[in-house]
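Since the structure is predicted, the reported quantities are computational estimates derived from the model, not experimental observations. Just so you know, ligand 1 is whichever comes first in the structure, and atom 1 is the first atom listed for that ligand.
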Amino acid sequence: MDHAIKLIVYEEAASTQDIARELAQAGEQGPVAVMALKQTAGRGRSGRSWISPPGKNLALSALLRPKLAPREAPLIGLLASVAVAAALDAKGVPSVSLKWPNDVLVDGKKIAGILPEASVKGDSLEFVIIGIGLNVNSRLSDFPPELHDSVTSVLLATGEEWDLRDAARGLLREMDALHIRVNEEGCGFVPYFWETRWAHKGRILTRDGLEGRAEGIGPLGSLILRTADGRRVEINSGQAEPIGVETAS
Ligand code: BTN
């Protein structure tokens with residue numbers, strides 16, 4: 001094994017997020033990742049569901065306990081998208097780019113989505129669960145017709161299948177290296193790394209009802225837009241979703 005993140009493979013799970021969270025709450029220190037060959041109740045961002053045809057795509061949740069402050073948690077989602085992009089590069093997938101906050105695109109179509117969830121205890125980030133859904137061996141017919149123009153997979157992009165366990169290992173290798181770097185030197189490098197792969201830098205975007213030119217990523221992962229009247233606006237919706245916040249007594 002060339003990564004320090006232990007991998008546990010389930011034949012079937014409702015959501016790998018819940019298994020990883022239960023492990024964390026039972027005291028597992030990690031780093032550990034849980035993948036399910038069949039995920040029956042996958043969750044996406046903002047309360048959406050995540051469709052993953054059985055045996056075809058990667059559904060994985062990594063439990064990490066990075067040495068970061070709670071306000072830095074959004075950077076973990078950015079970090080995970082960089083790890084996915086690097087693993088896809090290594091697999092020979094062309095034209096990989098990122099969409100803020102956490103989507104991975106190939107030729108402008110979504111190949112992976114990331115659901116970061118964070119547990120905060122007092123002033124500390126207790127743990128994070130990084131859910132990654134990566135379309136690996138799916139064909140367009142595996143997705144509902146309304147998604148056909150906006151999704152892709154490793155198979156569609158390269159013409160080749162990828163063993164799901166190999167895909168998980170490739171991804172965990174990249175994530176391990178970035179996790180080690182964060183623990184050694186903090187997360188100041190993350191926005192810069194992420195921006196180098198940004199699909200929309202300099203483009204006009206609309207977010208939370210605001211329109212502006214995509215100018216940059218803030219030090220805590222926010223999206224910085226420059227509006228037509230010259231205002232600099234920060235959008236924070238890239239935050240990790242809370243697992244349960246306990247305040248210090
Ligand atoms: C998104 O909405 O783009 C994020 C999708 C995240 C899906 C993954 S699949 C593995 C993990 N388990 C879940 O229930 N969700 C995440």
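Between the side chains of Thr227 and Glu211, no donor-acceptor pair is found at a separation under 3.5 Å. Looking at Gln17 and Ser61, their side chains do bring a donor and an acceptor atom within 3.5 Å of each other.
If you check which protein heavy atom lies closest to atom 2 (O) of ligand 1, you get Arg45 N, 2.7 Å. Shortest contact from atom 15 (N) of ligand 1 to any protein heavy atom: Arg43 O, 2.7 Å. Protein heavy atom nearest atom 3 (O) of ligand 1, with residue, atom name and distance: Lys110 NZ, 2.7 Å. Nearest protein neighbour of atom 5 (C) of ligand 1, counting heavy atoms only, is Trp50 CE3, 3.3 Å. Given atom 11 (C) of ligand 1, the protein heavy atom at minimum distance is Thr16 OG1, 3.3 Å.
At a heavy-atom distance under 4.0 Å, only side-chain atoms of Gln39, from C-beta outward, approach ligand 1. Here Asn102 has no heavy atoms under 4.0 Å from ligand 1, in either its backbone or its side chain.
Other residues, nucleotides and ligands contribute over 12 non-hydrogen atoms within 6.0 Å of the CZ atom of Arg207.
Within ligand 1, the atoms closer than 4.0 Å to a non-hydrogen atom of Ser15 are 12 (N), 13 (C), 14 (O), numbered from 1 in the order shown. Using a 4.0 Å cut-off to heavy atoms of Ile114, the atoms of ligand 1 that qualify are 3 (O), 4 (C). Listed by atom number, the atoms of ligand 1 under 4.0 Å from Gln17 heavy atoms are 11 (C), 12 (N), 13 (C), 14 (O), 15 (N). Under a 4.0 Å criterion applied to the non-hydrogen atoms of Gly42, ligand 1 contributes the atoms 14 (O). Of all atoms in ligand 1, listed by their number and element, those nearer than 4.0 Å to a heavy atom of Ser61 are 11 (C), 12 (N).
At least one donor-acceptor pair closer than 3.5 Å links the side chain of Thr158 to the backbone N or O of Glu160. The backbone N or O of Val136 lies less than 3.5 Å from a partner atom in the side chain of Asn57, making a donor-acceptor pair. With hydrogens and angles disregarded, a donor-acceptor distance shorter than 3.5 Å links the side chain of Asp176 to the backbone of Ala4. Listed for the Asn135 side chain is a donor-acceptor partner under 3.5 Å among the backbone atoms of Thr152. A donor-acceptor pair under 3.5 Å is absent between the side-chain atoms of Glu12 and the main chain of Leu37, judged by distance alone.
You'll find the side chain of Leu205 stays beyond 4.5 Å of the side chain of Trp100, heavy atoms only.
The shortest heavy-atom distance from Arg48 to ligand 1 is not under 4.0 Å.
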